[in-house]
Trainee: 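First, the structure itself, so that you have it in front of you.
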Number of protein chains: 2
Amino acid sequence: MEHRIDQIKKQLHAQSYKLTPQREATVRVLLEREEDHLSAEDIYLLVKEKAPEIGLATVYRTLELLSELKIVDKINFGDGVSRYDLRKEGAEHFHHHLVCIECGSVEEIEEDLLGDVEKIVQRDWGFQVKDHRLTFHGICKQCQEGSVQLKK
Amino acid sequence: MEHRIDQIKKQLHAQSYKLTPQREATVRVLLEREEDHLSAEDIYLLVKEKAPEIGLATVYRTLELLSELKIVDKINFGDGVSRYDLRKEGAEHFHHHLVCIECGSVEEIEEDLLGDVEKIVQRDWGFQVKDHRLTFHGICKQCQEGSVQLKK
DNA sequence: ACTTAAACTATAATAATTATAAATATAAAA
DNA sequence: TTTTATATTTATAATTATTATAGTTTAAGT
């Protein structure tokens, strides 16, 4: 964890940004909840536990900054809010998501499934791909097996 | 065009919804601007030209309804607004998008590029895919060629 | 220590979307 | 056709997410 923090600190410094205590607290929350897909509000509430004096706007600004530096990715699953997802260490491409329409769970796929597709897009459409967003909507393993509904 | 309207009318009736004049006006705007990716506000303004008495909330409700019936798809390119995109006639799957980070243009890809990928997801993750969202971000042909910037 | 710029808090403002109440239109039943 | 019930709409208020602003604090460089 400290290693990742250091790494991010360097990334910030490289662009002459500082890792302020507020930014660090925010990054720590993101690291601790790496599996989740938290909204700005969620993150704000969690950061507040560590650093109660932090303001919501600071969290937004921090997330915006981390987004620009490609440290986190801002994603949107169609519910009104943006969610923030830490890029995996050294990940070249952004990972994909499987969103279950039954229970709402979100699973991540690290594998690069789009290599071939990107080549086709490049070749047939002349489009130079820089980044991608791929989300599948469907029914997760758990929901298929049990008809146990976890719906809230 | 009338054919598509009729078709949509039937889809609505099948679920015992009516094609009210307001809904029809909205659908007509979507058909006329099929290539575009309009926001609710955009659509509202265009519908107002045909039916000045329509309210914004009605447009939202109509789009919500059309979304549920899979007649349109609600998409989000990361700017704050939702955009609404008519499904192509008889299209089995939702089309993909190429968003240019230089000029902001959005191109559509009709081809199904994800057939293989979906099989892999199904097999290796046990996830039953119902729908997908795929967007590539990068530089479009035009922006690559000329360094003519269309940035606003 | 002094100066400057970046970053912060608190709060107000904005923008997108959703909810509500009253009115209207539509379809079904009598 | 009249009545009744239901769906839909308008107009507007409320909500929610996000961004901007003003004044204050912090930190880095001299």
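Keep in mind it's a predicted model, so treat the numbers as computed, not measured.
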Trainee: Can you name the salt bridge (Lys or Arg N to Asp or Glu O under 4.0 Å) partners of B:Glu49, sequence neighbours left out?
Mentor: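 Partners of B:Glu49 by the salt bridge (Lys or Arg N to Asp or Glu O under 4.0 Å) criterion come out as none, since no residue qualifies.
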Trainee: If the helix axis at each end comes from five base pairs, how far does the helix from C:dA1-D:dT30 to C:dA30-D:dT1 deviate from straight, to 10°?
Mentor: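 Taking five pairs per end, the axes differ by 30°.
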Trainee: For A:His97 and A:Glu107, which I'm curious about, is there any donor-acceptor pair between the side chains at under 3.5 Å?
Mentor: no
Trainee: Enumerate the residues from residues 58-77 of chain B whose closest heavy atom to DNA chain D is under 4.0 Å, giving them by residue number; use none for an empty result.
Mentor: B:Thr58, B:Arg61
Trainee: Would you say that more than 12 heavy atoms from the other residues, nucleotides or ligands in this model lie under 6.0 Å from the NZ of B:Lys48, or not?
Mentor: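 More than 12 within 6.0 Å, yes.
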Trainee: Looking for any heavy atom pair under 4.0 Å, which part of the strands does B:Ser82 touch: base, sugar-phosphate only, or nothing?
Mentor: sugar-phosphate
Trainee: Is it true that a side-chain atom of A:Glu108 and a backbone atom of A:His95 form a donor plus acceptor pair closer than 3.5 Å?
Mentor: no
Trainee: Would you kindly give the CD-to-C1' distance between A:Glu41 and D:dT16, to the nearest whole Å?
Mentor: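 Distance check: A:Glu41 CD to D:dT16 C1' gives 9 Å.
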Trainee: Could you tell me whether B:Lys9 atom NZ has more than 12 heavy atoms of other residues or ligands within 6.0 Å of it?
Mentor: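 It does not: B:Lys9 NZ has 12 such atoms or fewer within range.
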Trainee: Indicate the ring-plane relationship of B:His96 and B:His132, choosing parallel, tilted or perpendicular according to the 30° and 60° boundaries.
Mentor: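 Tilted, since the angle between the ring planes falls between 30° and 60°.
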Trainee: Could you tell me which non-hydrogen atom of B:Ile54 sits nearest to which non-hydrogen atom of B:Gln22, and how far apart they are?
Mentor: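 Minimum heavy-atom contact is CD1-CB, 3.6 Å.
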Trainee: Is the distance from the ring center of A:His137 to that of A:Phe77 below 6.0 Å?
Mentor: no
Trainee: Hey, is the main chain of A:His37 close enough, under 3.5 Å, to the side chain of A:Arg83 for a donor-acceptor pair?
Mentor: yes
Trainee: Of the residues in residues 43-54 of chain B, which ones touch DNA chain D at a heavy-atom distance under 4.0 Å?
Mentor: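 Per residue number, the list reads B:Glu53, B:Ile54.
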Trainee: For B:Asp131, is the CG atom crowded, meaning more than 12 foreign heavy atoms sit under 6.0 Å from it?
Mentor: yes
Trainee: Heavy atoms within less than 4.0 Å of DNA chain D: which residues of residues 6-28 of chain B have one? Give them sorted by number.
Mentor: B:Tyr17, B:Lys18, B:Thr20, B:Gln22, B:Arg23
Trainee: Determine yes or no for a side-chain-to-main-chain donor-acceptor pair under 3.5 angstrom, with B:Thr62 supplying the side chain and B:Thr58 the backbone.
Mentor: yes
Trainee: From CG of A:Leu56 over to P of D:dT19, roughly how many Å is that when rounded to an integer?
Mentor: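 Atom-to-atom, A:Leu56 to D:dT19, this comes out as 10 Å.
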Trainee: Round to the nearest Å and state the distance from B:Arg83 atom CZ to C:dA15 atom P.
Mentor: 15 Å
Trainee: Does A:Glu111 have any salt bridge (Lys or Arg N to Asp or Glu O under 4.0 Å) partners at least two apart in sequence or in another chain, and if so, which?
Mentor: none
Trainee: Considering the options B:Leu30, B:Val27, B:Asp73, which one meets the side chain to side chain contact (heavy atoms under 4.5 Å, CB included) requirement together with B:Leu86?
Mentor: B:Leu30
